[in-house]
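The block underneath contains the structure these notes are about, expressed in structure tokens.
Predicted, not measured: the structure shown is a model, and the values here were computed from it. Each chain gets a letter, A, B and so on, in the order the sequences are listed, and its residues count up from 1. Values below: all heavy atoms of this structure, side chains included; hydrogens, waters and symmetry mates excluded.
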There are 2 protein chains.
Amino acid sequence: MDFNYNQEDKALVAVDCIIFGFDEEDLKLLLIKRAFEPEKGKWSLMGGFLKKNETLDVAANRVLSNLTGLNDVYMEQLYGFSKVDRDPVERTISVAYYALINIKDHNPKLLDEHSAQWFSISDVPDLIFDHSEMLSKALERLRRRTSTNPVGFELLPKKFTMRQLQKLYEVILGEELDKRNFQKKIKQMNVLVKLKEKDMTSSRKGSFLYEFDKKRYEEKVSDGFTFKM
Amino acid sequence: MDFNYNQEDKALVAVDCIIFGFDEEDLKLLLIKRAFEPEKGKWSLMGGFLKKNETLDVAANRVLSNLTGLNDVYMEQLYGFSKVDRDPVERTISVAYYALINIKDHNPKLLDEHSAQWFSISDVPDLIFDHSEMLSKALERLRRRTSTNPVGFELLPKKFTMRQLQKLYEVILGEELDKRNFQKKIKQMNVLVKLKEKDMTSSRKGSFLYEFDKKRYEEKVSDGFTFKM
DNA sequence: CCAAAAGTGTTCACAATACACCCATGC
DNA sequence: GCATGGGTGTATTGTGAACACTTTTGG
């Protein structure tokens, strides 16, 4: 009895990107207005179909780059979604990815072309298909990740204040943190460099800027380092 | 400009199952001898293709059940693998699942039919395609999961001794644990029921048997309970 | 009576938490 | 000189880790 690959069912394979950003105030999600039927004009995650000669990672990066102009962004595969009728037109399996980007970095012209818009995470509209499910899974994963790995540097500008970093953790984790305890833990991680410069926009006194020491961080991660926020 | 689903590339979608078992001694992996070309006769994870009217979860359960005769097994989606040439015959995306089963439970006749065999995790042969990569990802996930959720009850017989449970944790985590500390932590979780019965096979004195209180466990999990081993 | 595994508590070190006041500056 | 956000330390509690002796009983 020989096996024949041809008798098996094929499917379209898509990737959808949950794109998170942060604007000093709120965790945000980048959505597009869907440009074609079905569900044309509704809010949707940015997605695209996997091409013959691409891996899923490559496809997800392509999709993200089409919308934001960014490459080399932090991205992680999230989960495969496969309800039979999730796309009413064709059987489509979608593999969701989530990305963390610095909200200031993207190319606004591209956003316009896709009628894309940032939404506060607490104020996301209804999404097409199973995209809301994807979003909640991404949030869950981001929260867990945040409490075991220093994350969020991807979401901040290169230089940032402690206040901004703390605010970011607060919006991701959905709880307020104590200023002193937060700084203690962050300093223990030993992956920040305190600069001489101050940010003078937020207060009269000004607050010191920090940079993320990526090299030191990657050394630690490869040693299996995690922490507990 | 309208969009046409038909111009997109389709692919075969497969599921592959990393099936873990435990035999009081070692963590084990269930492999089959591949029955068809390419790589016929080589060791492989049990897999199968996604059918038109199935979700990935359903397909993974079907595949597992074909090999073991078991349903209602603990199973979790792991990751989507998509290297372009991972299957040399046809473009195939594979979504890996891992399963935890009680090694005593399976149907030996079915194993025979697939020329399947259990291997100690420390002694796994070369696997076809990217299956070794799947396995290492599964092990990593199992280890992480084990240190935050009570796991492993799926891998044990219904009634088990503390010694067995500890041994299981030890082989999953790959380190020895202190008997007293282990019991303390497990008892804190409060999901075990100590039975009046003893297992007399392991020592003269005999050791008490325990059962897992699934209901209490599920209540806890839905309250967001995790622990640290 | 002895071999072999089961069972059981305490101490110590470190990490998490709670908490409040002074500082620097622009206006 | 005062209002605003920035910066800093300590005391308490809880949790993880290390550690050794007694019990049971079949042979």
- Message: Just to be sure I understand the rule, does B:K179 reach a base, reach only the sugar-phosphate, or reach nothing, if contact means heavy atoms closer than 4.0 Å?
- Response: base
(message) Can you see whether A:Y79 has A:K137 sitting over its ring - NZ or CZ less than 6.0 Å from the centre and within 45° of the normal?
(response) yes
Result for side-chain hydrogen bond (donor to acceptor under 3.5 Å, both in side chains) between B:Y97 and one of B:N61, B:D57, B:D16 points to B:D57
Separation of D:dG5 atom P from A:K167 atom NZ, nearest Å, is 12 Å
Taken to the nearest whole Å, CE/A:M229 to P/C:dT17 is 10 Å
When rounded to whole Å, the CE to P distance for the pair A:M200 and D:dG5 reads 14 Å
Picking from C:dG7, C:dC19, D:dT4, the nucleotide nearest the side-chain atoms of A:R180 would be C:dC19
Whole-Å distance, B:K228 NZ to C:dC14 C1', equals 13 Å
Mind checking A:K187 for me? I need base, sugar-phosphate or nothing, with any heavy atom below 4.0 Å counting as a touch.
sugar-phosphate
Check: Mind checking whether A:F160 and A:F153 have parallel, tilted or perpendicular rings, split at 30° and 60°?
Finding: tilted
Q.
Applying a 4.0 Å non-hydrogen cut-off, can you work out what A:K184 is touching in the nucleic acid: base, sugar-phosphate, or nothing?
A. base
Here the distance between atom C1' of C:dT8 and atom CZ of B:F208, to the nearest Å, is 13 Å
| How is A:K185 classified with respect to the nucleic acid when contacts are heavy atoms under 4.0 Å: base, sugar-phosphate, or nothing? | sugar-phosphate
Of C:dT25, D:dA18, C:dA5, the nucleotide closest to the side chain of B:K205 is C:dA5
Over-ring placement of B:K198 relative to B:F208, 6.0 Å and 45° cut-offs: yes
From CD of A:E176 across to P of C:dT17 the rounded distance in Å is 15 Å
Inset, instruction - Indicate the ring-plane relationship of A:F119 and A:W43, choosing parallel, tilted or perpendicular according to the 30° and 60° boundaries. - result: perpendicular
Of the listed D:dT8, D:dG26, D:dC19, the closest approach to the B:N181 side chain comes from D:dC19
To the nearest angstrom, the CD-C1' distance between A:Q183 and D:dT10 comes to 16 Å
By nearest-nucleotide position on DNA chain C, the 5'-leaning member of A:S203 and B:R163 is B:R163
Rounded to whole Å, the CD1-P distance (B:I186 to C:dG7) equals 14 Å
Assert: residue with more 5' nearest nucleotide on DNA chain C, out of B:R204 and A:Q188, is B:R204
